[in-house]
*Asks:* 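First, the structure itself, so that you have it in front of you.
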2 protein chains.
Amino acid sequence: MIDARLITLRVFARCGTVGATAELTGYSPSAVSAQLRELQRVLGMQLLTKDGRGLRLTATGRFLVAGSDPLIAQWESLRAAAMEAGDQVQAHLGLGGFSSAAAHLLAPLAATLRSTHPSLEVQVLEAEPARCFDLLIAERIDLAVIVAMQSDSYGEDDPRFEQRVLLDDPLDVIIPGDHPLASRETATLEELASEPWITEAAGSAYHSLFTAAFTAVGVTPRIAHEAVEWETHIAFVGAGLGVGLLPRLAPLHGAENVVRLRLTGRAKPTRRIVAAVRRGSIASPLIQESLRILQVNANRILTARLEEDL
Amino acid sequence: MIDARLITLRVFARCGTVGATAELTGYSPSAVSAQLRELQRVLGMQLLTKDGRGLRLTATGRFLVAGSDPLIAQWESLRAAAMEAGDQVQAHLGLGGFSSAAAHLLAPLAATLRSTHPSLEVQVLEAEPARCFDLLIAERIDLAVIVAMQSDSYGEDDPRFEQRVLLDDPLDVIIPGDHPLASRETATLEELASEPWITEAAGSAYHSLFTAAFTAVGVTPRIAHEAVEWETHIAFVGAGLGVGLLPRLAPLHGAENVVRLRLTGRAKPTRRIVAAVRRGSIASPLIQESLRILQVNANRILTARLEEDL
DNA sequence: ATTACCGTGCAGAATAAATGCATGATTGAC
DNA sequence: GTCAATCATGCATTTATTCTGCACGGTAAT
């Protein structure tokens, strides 16, 4: 309902280049360029200046973008209220989430919504948390499932978003099936302190969670290998290369020679999984329903995992 | 910046029929029909229902329209603030006003703006006050000059508009040149109580002003003739058909056998001339400048008239 | 029953917008 | 200093959207 060109400007304000804006919005770079020029013409404002080989927002441009936050929020709020008042749901819903969330939370959600609202067209995009926020701004998606990261620049008080905690996903430890502790059901980080550890690359989202967990018990782990996908982690462990942490939401799906142990003791690391929406839209019936479904599904998965793997 | 289809819906909410909406917005009826249908499709809301041979807003529709008032106001406010922050003015300005305002206030304003802002395109629409408000909602004009009418449904607190008093235009009395009082400079309503009066049709904007003035002095005038345009009033007076009231802003331009007398005494009727804009836009530099110019011009005309006709 | 009014559907026209490629300008690397 | 990479933009073309004008069907008043 808000002019698409203003949305484009907002995306540009976040990512700073026409090319990136085009990628995020789904337009071509020329279209973005034309939109921004047209926006300035229509409003009679100079919003951008050339800066080297790129563009930069003018003071007016920054002012407009900042001021548009409450405008967008108000529209979302109005739409949500009207939807609720009329007991209706929108025609389209865009969902975004990082890999395992997309697979284990969003896919079931999409399936459920599809059956309860046959006329609703749902679109799921797999994307990293930071990109999810960008996609929310670009209005490509309406609901994002992300891992809460204190390092992120999106605070709980960001005027553009609202966030709700979906669940705290506990990290389990996975060890080779022939490990001395393999017959146990639980373990502590202290017991595994001297093991070779498999983790993600330093600086990644989970790495900080990993180090924080060990700092809490005063142990410095030996990092032997790095992996990005959980599937790779599991394979490394199965090959006897070391031990690792695995979110309970992530399935082992019967991997050879790998057992999952619950972590006990002082350090019980969890990753907090959060749903984020554009501010104002949280009251929308469809969003509310989606949040409920997500939460139910997530809890079901967590308890089911306990019976499967542990 | 707010979707044109929502604007169209707002206009429909005011006038109630597709045809009238088309006339006000400048679209064809088919276009309005298509826009409203499209709006419902995009939002996934049912906003309208068939009602006899016409359309009627649903509860959701009324809710959305009412809720859109602050949305529009916020956009106008943001635009005005950004304009001010960037020291820029918009590219287009639409002005609306009733006949004599259009001729004596808006035309000079347009001329002044044209010279001070060569790139600005100004458009002037002559329209009755009620229609001016509609045109403001339809975003066909940005500034309206109207006669304040307590009977109007537009209060000072309407969430859609903001109003500023431009001037209080005193009503003078016009009498034939061969009238016994013609050599005077002032007169009172009491002195003219027994004269045949020329007024507007009952129910018109000025008629209530007319009766209120006589009620204030406890006299019931004899209404002899009715006229719509001031020029007709003047002609009637010149033909000796009676006496009448004429706003000081309206010129005699040397009519034969008519003299203008200032009204003194207890009843000093004035018509309050007010500028109205969409709420939020009052802070816009161009609106502010226009209001200043209007006020200066109005005062200049009032004082000049004293020297010409009185 | 007839007439006037109102909204809508459709074919075609007009307008607006997006794409893809080529270009110019700038930065950083070698 | 040259070369490659990055970025934005202009233009011709295509594509999508939107508007118009007219005809039609339903509804209310005379």
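Order of the sequence lines fixes the chain letters, A, B, ..., with proteins taken first and strands second; residue numbering starts at 1 for each chain.
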*Asks:* In whole angstrom, what separates A:Glu23's CD from D:dC7's C1'?
*Replies:* 15 Å
*Asks:* State, yes or no, whether a side-chain contact exists between A:Met1 and A:Arg79 at a heavy-atom distance under 4.5 Å.
*Replies:* no
*Asks:* Going by heavy atoms closer than 4.0 Å, what residues in residues 40-61 of chain A are next to DNA chain D?
*Replies:* A:Arg53, A:Gly54, A:Leu55
*Asks:* Once you round it to whole Å, what is the distance between P of C:dG7 and CZ of B:Arg37?
*Replies:* 13 Å
*Asks:* Regarding A:Glu128 and A:Arg131, does a basic nitrogen lie under 4.0 Å from an acidic carboxylate oxygen?
*Replies:*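 The answer is no: the pair does not qualify as a salt bridge.
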*Asks:* Check whether A:Ser77 reaches the backbone of A:Gln74 with its side chain - one donor and one acceptor, N or O, closer than 3.5 Å.
*Replies:* no
*Asks:* Can you tell me how far P of D:dA8 sits from CG of A:Leu9, to the nearest Å?
*Replies:* 14 Å
*Asks:* Below 4.5 Å, heavy atoms only, C-beta onward: do B:Ser68 and B:Leu6 meet side chain to side chain?
*Replies:* yes
*Asks:* Tell me, yes or no, whether the heavy-atom count around B:Glu231 atom CD, taken from other residues, nucleotides or ligands under 6.0 Å, exceeds 12.
*Replies:* no
*Asks:* Tell me which one of B:Val42, B:Leu48, B:Leu47 satisfies side chain to side chain contact (heavy atoms under 4.5 Å, CB included) with B:Met45.
*Replies:*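 Going through B:Val42, B:Leu48, B:Leu47 one by one, the side chain to side chain contact (heavy atoms under 4.5 Å, CB included) with B:Met45 is satisfied by B:Leu47 alone.
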*Asks:* Indicate yes or no: does B:Arg10 engage B:Glu139 in a salt bridge with an N to O separation below 4.0 Å.
*Replies:*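 No, B:Arg10 and B:Glu139 are not salt-bridged.
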*Asks:* Report the end-to-end axis angle of the helix from C:dA1-D:dT30 to C:dC30-D:dG1; each axis comes from five terminal pairs, and the value is rounded to 10°.
*Replies:*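 Here the local axes at opposite ends form an angle of 30°.
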*Asks:* Do A:Glu289 and A:His117 meet the criterion of a side-chain donor-acceptor pair at a distance under 3.5 Å?
*Replies:*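 A pair is found: one side chain offers a donor N or O, the other an acceptor, under 3.5 Å apart.
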*Asks:* Going by atom types only, do B:Gln46 and B:Thr58 share a side-chain donor-acceptor pair under 3.5 Å?
*Replies:*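 No, no side-chain donor-acceptor contact under 3.5 Å.
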*Asks:* Does the protein touch nucleotides 15-20 of chain C at the base, only the backbone, or not at all? Give it as B, S and - per nucleotide, heavy atoms under 4.0 Å.
*Replies:* ---SBB
*Asks:* In a check of side chain to side chain contact (heavy atoms under 4.5 Å, CB included) between B:Leu9 and each of B:Val32, B:Leu43, B:Thr21, B:Leu36, which one passes?
*Replies:*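 Of the listed residues B:Val32, B:Leu43, B:Thr21, B:Leu36, the side chain to side chain contact (heavy atoms under 4.5 Å, CB included) partner of B:Leu9 is B:Leu36.
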